[in-house]
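Take a look at the structure set out below.
Along the sequence shown, the residues carry numbers beginning at 1. No hydrogens, no waters, no symmetry mates; every other heavy atom, side chains included, goes into these values. Counting convention: from 1, in listed order, for ligands and their atoms alike.
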Amino acid sequence: MKDINWGELSFGYFKTDYNVRCYCKDGKWGDLDMSDSEFFPMHIASTCMHYGQEVFEGLKVFRGIDGKVRMFRCQENAKRMKDSAEYIMMQAPPVELFVRAVKKAVEWNQEYIPPYESGASLYVRPLLIGIGPQLGVAPSTEYMFVVFVSPVGPYFKEGFKPVKTMLERVFDRAAPCGTGHIKVGGNYAAGMRSGEKAHHKGFSMSIFLDAKEKKYIDECGPANFFGIKNNTYVTPSASTILPSVTNASLMVLAEDMGLKVERRQIPVEELSTFEEIGACGTAAVISPIGSIEDSATGQTIVVGDPTVAGKWSTKLYNRLRGIQYGEEEDKFGWNEIL
Ligand code: PLP
Ligand code: COI
């Protein structure tokens, strides 16, 4: 294992030894290549640079309590990349190729998988880009699929402590019938202005509203949104929201713990009625939300005790992390041992 100060890691890019690359031309995928370079040459007219033909994924690999290495629900990310790519007319790597490339990237960098005790993990970032030249707006005929890894600590410096957030009243992240439901870089570009506004004001992230009516909670910049009240786990349902693997897993765990699960619209006025709210995603796991400041009125909604994570969020967090680190039974078969 590399000599790294694992406990000090935050969620940032950390150079590892190798990455995996695979090229597709005219619909045919080639072999997996190993590269020790962090760079690649690119055509100046490539479609990823001009017309946003770029999709990515994020998943994690954990060194467990028993020393075994577990990869969490990789097939789901493979399927989502396929959905994302096809929606913006890109060639997607087949699920089998995606999974094989992820495993290779992990294997070649296994010394970077953080030790169990550190609480850190190995983040895997698969990326698909159009590299063929086009001047008129049209899909590329050539694609590059890259998988790199990075050991990471918590996404928010608070770790599993409630964060302060901002309700975005002006900017939209995704439009109905747009690209909110897929993982394309453009969505993050659309959210960047709001995210930076939030950061400058001392908030961890913005929470977006539905773009059409500006009445309902959509999702957070880098994560899905959930609220809990009356023994019910509630999460927004909309065509603009990225189907989160973490959220899907939490819904299963919530039901397994005896909570009811509702997927429905959440009007802004309902926020103050929740006993707990949070953001969830691969990078963030669960990030409890302690307060939401309305960017239009400056009024703040405080949820539960804004200094400690709520009871259910804590239970869900512990159960999910327990499964990922091999401390709890993997009842739903989510891990693959590498
Ligand atoms: N929503 C957005 C916009 C995201 O970027 C992410 C992160 O991937 C999520 C939700 C959470 O998805 P997942 O749990 O699959 O990581
Ligand atoms: C993830 O949770 O994997 C994400 O993609 C969130 C963010 C880093 C974009």
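Between Lys331 and Glu329, no side-chain nitrogen of the basic residue sits less than 4.0 Å from a carboxylate oxygen of the acidic one, so the salt-bridge criterion is not met. Using a 4.0 Å cut-off between a side-chain N of Lys or Arg and a carboxylate O of Asp or Glu, Asp17 and Lys2 qualify as a salt bridge. Checked for salt-bridge contact, Glu293 and Lys201 miss the test: no charged N lies under 4.0 Å from a carboxylate O. A salt bridge links Arg319 and Asp256; the closest N-O separation between the charged side-chain nitrogens and carboxylate oxygens is under 4.0 Å.
Atoms CG and OG, on Leu9 and Ser121 in that order, are 9.0 Å from each other to the nearest 0.5 Å.
Taking the ring centroids of Phe225 and Phe208, they lie at or beyond the 6.0 Å cut-off. For an aromatic pair to be called close, the ring centres must be under 6.0 Å apart, and Phe98 with Phe145 satisfies this. Ring to ring, Phe56 and Tyr188 are close: their centroids are under 6.0 angstrom apart. For Tyr143 and Tyr23, the gap between ring centers reaches or exceeds 6.0 Å.
Under a 4.0 Å criterion applied to the non-hydrogen atoms of Gly221, ligand 1 contributes the atoms 3 (C). Interface atoms of ligand 1 facing Glu219, defined by a heavy-atom separation under 4.0 Å, are 1 (N), 2 (C), 3 (C), 10 (C). Within ligand 1, the atoms closer than 4.0 Å to a non-hydrogen atom of Arg80 are 12 (O), 13 (P), 15 (O), numbered from 1 in the order shown. The ligand atoms of ligand 1 that sit less than 4.0 angstrom from a heavy atom of Leu242 are 1 (N), 2 (C), 4 (C), 6 (C), 9 (C), 10 (C). Atoms of ligand 1 lying under 4.0 Å from at least one heavy atom of Ser244, given by number and element, are 11 (C), 12 (O), 13 (P), 14 (O), 15 (O). The atoms of ligand 1 that sit less than 4.0 Å from any heavy atom of Asn224 are 1 (N), 10 (C). Short contacts between ligand 1 and Tyr188, defined as distances under 4.0 Å to a heavy atom of the residue, involve ligand atoms 2 (C), 3 (C), 4 (C), 5 (O).
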Step-by-step side-chain contact (heavy atoms from CB on, under 4.5 Å) determination, Lys104 to Met34: CA-CA 9 Å; Lys104 281 280 170 231; Met34 173 162 119; over 6 Å; no
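Taking the six-membered ring where tryptophan is involved, the planes of Tyr317 and Phe160 are essentially parallel, since the angle between them stays under 30° and well short of 60°. Using a 30° and 60° split on the angle between ring planes, Tyr233 and Phe226 fall in the parallel class, below 30°.
When Gly180, Pro222, Gly58 are checked for heavy-atom proximity to atom 9 (C) of ligand 1, Pro222 turns out nearest.
Distances between N or O atoms of Asn77 and those of ligand 1 include no value under 3.5 Å. An N or O contact shorter than 3.5 Å is missing between Pro243 and ligand 1 by distance. Taking only nitrogen or oxygen atoms, main chain and side chain alike, Thr282 reaches within less than 3.5 Å of ligand 1.
The 4.0 Å heavy-atom shell around ligand 2 contains residues Phe11, Phe56, Gly58, Tyr123, Arg125, Tyr155, Lys183, Tyr188, Pro222, Thr282, Ala283, ordered by chain and number.
Atom 7 (C) of ligand 1 has its closest protein heavy atom at Lys183 NZ, 3.2 Å.
Within the 4.0 Å heavy-atom cutoff, Arg173 counts among the residues contacting ligand 1. Residue contact annotation: Glu57 has no non-hydrogen atom under 4.0 Å from ligand 1.
Minimum interatomic distance between Gly185 and Glu54 (heavy atoms only, all atoms of both residues): N-OE1, 2.7 Å.
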